[in-house]
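Chain identifiers are assigned alphabetically (A, B, ...) following the order of the sequence lines, protein sequences preceding nucleic acid strands; residue numbering begins at 1 within each chain.
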Protein chains: 2
Amino acid sequence: MVPEKYNVQAEIIKALAHPSRLYIVSELAKREICVCDLTEMVGADISTISKHLLVLKNAGIVSTRKEGTQIFYKLLCPCILDFVSCIANVARKNAETSMKGV
Amino acid sequence: MVPEKYNVQAEIIKALAHPSRLYIVSELAKREICVCDLTEMVGADISTISKHLLVLKNAGIVSTRKEGTQIFYKLLCPCILDFVSCIANVARKNAETSMKGV
DNA sequence: ATGCTATTTTACCAATAAGCCAAATATGAA
DNA sequence: TTCATATTTGGCTTATTGGTAAAATAGCAT
């Protein structure tokens, strides 16, 4: 009963629904970054980061560029940032609401 | 190493990262809908829908209004729609790319 | 009170996702 | 070639999620 397009969209959203991946995307919005730098920034095992990046790539959110032994990732769709700001807005509202004890 | 705000945001995004919930949110963007109608629309067990709605409510995405024995859900943040359109855009680009066999 | 409808909660199972280690692969340097 | 660095992949364990059925809860009518 759920139209097919929501399956497709949910797949993409799922790729963003993880703290590390969201952080990675936000940083990639500023500049290209290689896996080793992202690994340092996130502070997890490099294999974990590699898998996160694969998820983002499969979702069509990032692309890669090889330079020597390094692989640089970059953000494909800047509109992702608008989306993040919307979510940040919801988060802010939630914080306000819970402060009021509502 | 990942700033706390990404944990908060990822929680909200996670709530949207499911086909049924995304469909529900899209429909709630048009009008208030009660649980029983949503159940019909999605075509799943009512307990499943109820859980999905709880997820959306906990994320601060929807609110409820009781009317007799029915409970109506409505969308709290219209900006969610912009976000969905961004995702739809990514999905469209992905489809184009895979068509070209890239 | 009883019954009827709408909704949520609980309990349980199956499927998926996240994490790390170790092994494999790739590139460039010596 | 061998070595070192960068990255991906496979395997494994643990934790989370999605689904349904059954029980519990709530509101309204009789």
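For B/Asn94 (side chain) and A/Ala59 (main-chain N/O), a donor-acceptor pair under 3.5 Å exists by modelled atom type. Between the side chain of A/Thr39 and the backbone N or O of A/Val35, at least one donor-acceptor pair lies under 3.5 Å.
Summarising the local packing, CD of B/Glu40 is surrounded by 12 or fewer heavy atoms from other residues, nucleotides or ligands at distances under 6.0 Å.
For B/Glu4, the salt bridge (Lys or Arg N to Asp or Glu O under 4.0 Å) test picks out no residue, with sequence neighbours left out. Under the disulfide bond (SG atoms under 2.5 Å apart) criterion, B/Cys86 pairs with A/Cys79, sequence neighbours left out. Applying the side-chain hydrogen bond (donor to acceptor under 3.5 Å, both in side chains) rule to A/Ser63 yields no partners; only residues at least two apart in sequence or on another chain are considered.
Using a 4.0 Å cutoff to heavy atoms of chain A, the contacted part of DNA chain D runs 5' to 3' from D/dA6 to D/dG11.
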Heavy-atom contacts, protein to nucleotides 3-9 of chain C, under 4.0 Å, summarised as B (base), S (sugar-phosphate only) or - (none) per nt, yield ---SBBB
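Regarding contacts with the backbone of C/dG19, a side-chain N or O of A/His18 is found under 4.0 angstrom from either OP1 or OP2.
A/Met41 places none of its side-chain heavy atoms less than 4.5 Å from the side chain of A/Ile24. Using a 4.5 Å cut-off on side-chain heavy atoms (C-beta onward), B/Val62 and B/Lys74 make no contact. Counting only heavy atoms from C-beta outward, the side chains of A/Asn7 and A/Glu11 never approach each other to under 4.5 Å.
Annotation: proximity of residues 6-16 of chain A to DNA chain D (heavy atom, distance under 4.0 Å) is found for no residue.
Between B/Glu96 and B/Lys93, no side-chain nitrogen of the basic residue sits less than 4.0 Å from a carboxylate oxygen of the acidic one, so the salt-bridge criterion is not met.
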